[in-house]
Amino acid sequence: MSRELELNFSREQVSLNDLTSKLAHNKITNTRLTRNRNKILNAIETVKQLISSGKLVAEGDYKIVMKEDILFLQNYIHKAILNGEYVYDVETTGKDVFNDIIVGICLYTPGEIPLYIPVNHTDIDNVRVDGQLDEEDVKRILRPLLENKDCRYINHNQKFDGEFTQVYWGIRIANFYFDTQLAGKLLNENEENHKLKYLYAKYIKKDPSKWSAFGDLFEDIPFNYVPINIAGVYGGNDGIIPYKLYQFQSSYLRYNHPKDEFRKLAKIMFEIEMPLIPILIDMELRGVEIDEQRAAELNEKYSAELKELELELDRFVKRYEHDILIDETLNRLTHGEGKINYNSPPQLSRLLYKIMKLPVVSRKEPTGTGKKIIEKWLEHSRVDKDTKNFIKMFKQFKTIRKLLNDYINKLPKAVEPKTGAVHTQFNQYGAVTGRFSSSHPIHKINLQNIPSRNKEIRTIFKARDNYVLIGSDFSQIEPRTLASLSGDEEMINAYREGKDLYATMGARVYQMDYWDCMEKHEDGTDNPEGKVRRDTMKSVLLGIMYERSAKAIAEQFNKPLKWAEDLIEDFRRAYPKIELHRMTVINKAETFGYVTTLLGRKRRLPDMKRSDKEDWRYLDAHRQCLNAEIQGTAADIMKLAMIEVGNNEEFKALGAHMLLTVHDELICEAPEEHAKRVGEILTDCMKKVGEELLKLPMKCDVEITKVWYGAEYEFETEDFDDVA
DNA sequence: TGTGAGGGCCAC
DNA sequence: AAACGTGGCCCTCACA
């Protein structure tokens, strides 16, 4: 099956004894630059001194495995397999799974000595150090352990090790059993940080202050330059530390814990977070292809527009040239040239407020130049027509600049040549609520904030040749979650009967007919008044989930404060159970200092225990209570759905792959001929999971396209086949 | 030369 | 002071 990735690493082109070209991607490894060379040498010297002064010590005995130890290693692996659990950690030249390389392996199994196995250590001139085992031998010897389903793999941030192991050695680790980083987040998402050494210092050594001395010594130094004897100290620790942390954490995260709250957390750990790791590895390594031609077209189009806008802006600003030049700040910031940089908030605020004398429209941001302020200026009576025109162009300029710099021009640069795709990392516990986040350490790619309001940007993403994109999104998952958690009959019934929720709410709150609160009349004609009512209800409901103030809702609809207050009050009366639920969640948070999702994932909000209810820290936490419960529950559902999809045999057999998850939407790729079936499997899995948990009907909208947000894919009809 | 803060804005 | 929840990244500018 096409589950394995085809990568062209061309490793043969590089002499095994001189790793220069392999390391050349990373500018710091260009040791011909004295700056880099010195930086590395100094860092190594620092570590040597730390060791000789006793400040940096191994946690215990350890062994460095060299060429002559090959039989010992084989025997060790045998013992690890009998033991059934092990720590395995890869040390690499950096974080880029497609371009960095494995330098050494830390290995540990309980009852045995921790090992450090160097494989690609070099001297400062990138010449491989003698005496190390061949990488091929290490790979061959480790494989039976890593691929053994009965052997529990334990480590911190296993996705990283799993990806390197898969990309370089073609080995898929069989049993991701316990990730101490994920466990750390489940047990306390508010931790100062979730780095291995920090958690170890805090919970095992009980001295969090000391962690930094051990912390990121090699953060910026490719590990290959670290002398093997020093790496051994470090590597020995990296085997034992995760294991001790695991022992500590698993005393809480276990199915037989006396407290129900921990049994639930154990369930989330072992039935959601851990099974997700191999799925995310597949998604991240596969990546998504982009159409560089399309990106170039859009670049041309938007660049031209941007250039034009800048000229127009300059033309208008020209009349203030003198004022700009005599303004001390602007003169300095524009280097005495008076040419405004429209990307610079300091320059703009000076220009707009001091020179052009635009009124302050937000007490909160008296020098702001953002969207909200621009909107206010555009409606302000004291701003003249010409200036409004200028502001409009400025607004447009900013939008275009953002689209160009952040997406259109950036995506092609992020294509990984070895796969021809753009990759991101899905941080599994990226948000405190349990949601994913998306980022990339090298390319800085976040695939969860690709513009959707602008319909063109997403069309840069395309399915691979002969594949289609199949995206399915949960319709209104958060309101559905609220309906389920609160048990509000009216809301639940709206979903059961397949009615429009917001129109149902509108009918109730406004005491009007259902159809008077819809975007269209019953006969299909437009109903603008109905649309306003429906939009208002949507906003109020979202507002309640986000603890939005009446003032903010009033502002959005340009209505008086009283109007919004009454609306919210009406809503609360019409849906008493939602309000009751909100109060219950808040009370729980005040009593216990945390709220939980449906499955028991915790959001700890210790500030809810403050007695001063006016304290901003209390209010801050207060706003998070209901939202964390709903957002977190929705995240749990999406995660379970991904596991359901990822483990679906038919889905795999049809050659389908998950590519992206954007909170309530899951985007997959499948061969064209299986598109329909894969779409069905996808929505079936998602709906099944949602309905099991929320006990109300779920709705998923599927789209099959060649490009993201593109036109619906046209299936070839059978007739067409016959003709062909 | 690198870094962090502030302002801003994209997504759900 | 903030007053809408969860994120990540860009750009400029000041500062080490």
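Lettering of chains follows the sequences in order, A, B, ..., and the numbering in each one begins at 1.
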Chemist: Report yes if at least one side-chain N or O of S344(A) is closer than 4.0 Å to OP1 or OP2 of dC13(C); otherwise report no.
Modeler: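 The answer is yes; a side-chain N or O of S344(A) sits under 4.0 Å from OP1 or OP2.
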
Chemist: Could you give the distance separating dA3(C) and dG4(B) at their C1' atoms, to the nearest angstrom?
Modeler: 27 Å

Chemist: In whole Å, what is the span from the CZ atom of R548(A) to the P atom of dA3(C)?
Modeler: 13 Å

Chemist: To the nearest angstrom, how far is M608(A) atom CE from dG5(C) atom C1'?
Modeler: 14 Å

Chemist: Could you list the residues that satisfy ring pair (Phe, Tyr, Trp, His ring centres under 6.0 Å) with F426(A), not counting sequence neighbours?
Modeler: none

Chemist: Report the distance from atom CD of E555(A) to atom C1' of dC4(C), rounded to the nearest whole Å.
Modeler: 12 Å

Chemist: Is it the case that more than 12 heavy atoms not belonging to K455(A) sit under 6.0 Å from its NZ atom?
Modeler: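 For K455(A), atom NZ is crowded (more than 12 foreign heavy atoms under 6.0 Å).
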
Chemist: List the residues meeting ring pair (Phe, Tyr, Trp, His ring centres under 6.0 Å) with H663(A), not counting sequence neighbours, and say none if there are none.
Modeler: none

Chemist: E644(A): what forms a side chain to side chain contact (heavy atoms under 4.5 Å, CB included) with it, not counting sequence neighbours?
Modeler: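 E644(A): side chain to side chain contact (heavy atoms under 4.5 Å, CB included) contacts with C685(A), K688(A), V689(A).
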
Chemist: Regarding K392(A) and E312(A), does a basic nitrogen lie under 4.0 Å from an acidic carboxylate oxygen?
Modeler: no

Chemist: Rounded to whole angstrom units, what separation is found between the NZ atom of K613(A) and the P atom of dA3(C)?
Modeler: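 Computing the K613(A):NZ to dA3(C):P distance gives 20 Å.
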
Chemist: Tell me whether the rings of F390(A) and F394(A) are parallel (<30°), tilted (30 to 60°) or perpendicular (>60°).
Modeler: parallel

Chemist: How many Å lie between CD1 on I340(A) and P on dC11(C), as a whole number?
Modeler: 19 Å

Chemist: Between C1' on dG5(C) and CH2 on W616(A), what's the gap in Å once rounded to a whole number?
Modeler: 16 Å

Chemist: NA contact type, S349(A), heavy-atom cut-off 4.0 Å: base, sugar-phosphate, or nothing?
Modeler: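 Answer is nothing: S349(A) stays at 4.0 Å or more from every strand.
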
Chemist: Rounded to the Å, how far apart are L348(A) CG and dC13(C) P?
Modeler: 10 Å

Chemist: Please verify the inter-ring angle class for W563(A) with F557(A); under 30° counts as parallel, over 60° as perpendicular, anything in between as tilted.
Modeler: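 Correct class here is tilted.
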
Chemist: Does L598(A) reach the side chain of T481(A), with side-chain heavy atoms less than 4.5 Å apart?
Modeler: no

Chemist: Spell out protein contact along nucleotides 4-12 of chain B as letters: B when the base is contacted, S when just the sugar-phosphate is, - when no protein heavy atom is under 4.0 Å; keep the 5' to 3' order.
Modeler: ----BBBSB

Chemist: Is any side-chain N or O of N341(A) closer than 4.0 Å to OP1 or OP2 of dT12(C)?
Modeler: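 So the side chain of N341(A) is within the cut-off, an N or O lying under 4.0 Å from OP1 or OP2 of dT12(C).
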
Chemist: Between dC4(C) and dT3(B), how far apart are the two P atoms, rounded to whole Å?
Modeler: 36 Å

Chemist: With F571(A), which residues qualify under ring pair (Phe, Tyr, Trp, His ring centres under 6.0 Å), at least two apart?
Modeler: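 Listed in chain order: Y575(A).
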
Chemist: Nearest to the K444(A) side chain among dC9(C), dT12(C), dC4(C), which nucleotide is it?
Modeler: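 For the K444(A) side chain, the nearest candidate turns out to be dC9(C).
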
Chemist: To the side chain of A431(A), which of dT12(C), dG5(C), dG7(C) is closest?
Modeler: dG7(C)

Chemist: Rounded to whole Å, please give me the gap between CE in M638(A) and P in dG7(C).
Modeler: 18 Å

Chemist: Heavy atoms only, 4.0 Å cut-off, all strands: where does Q347(A) land among base, sugar-phosphate and nothing?
Modeler: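 Sugar-phosphate, backbone atoms only, no base.
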
Chemist: Respond yes when some side-chain nitrogen or oxygen of T433(A) is under 4.0 Å from OP1 or OP2 of dT6(C), and no when none is.
Modeler: no

Chemist: Using a 4.0 Å heavy-atom cut-off, does H443(A) contact any base of the nucleic acid, only the sugar-phosphate backbone, or nothing at all?
Modeler: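 The answer is nothing, as H443(A) stays clear of every strand by at least 4.0 Å.
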
Chemist: Just the table, please: protein N/O against nucleotides 14-16 of chain C N/O, every pair under 3.5 Å.
Modeler:
{"residue": "dA14(C)", "atom": "OP1", "partner": "R332(A)", "partner atom": "NH1", "Å": "2.8"}

Chemist: Heavy atoms under 4.0 Å, any strand shown: does D620(A) hit a base, just sugar-phosphate, or nothing?
Modeler: nothing

Chemist: May I ask you to check whether H194(A) and Y429(A) place their ring centres under 6.0 Å from each other?
Modeler: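 Between H194(A) and Y429(A), which both carry aromatic rings, the centre distance is not below 6.0 Å.
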
Chemist: If the cut-off is 4.0 Å, is R623(A) near the phosphate of dC4(C), judged by side-chain N/O to OP1 or OP2?
Modeler: no

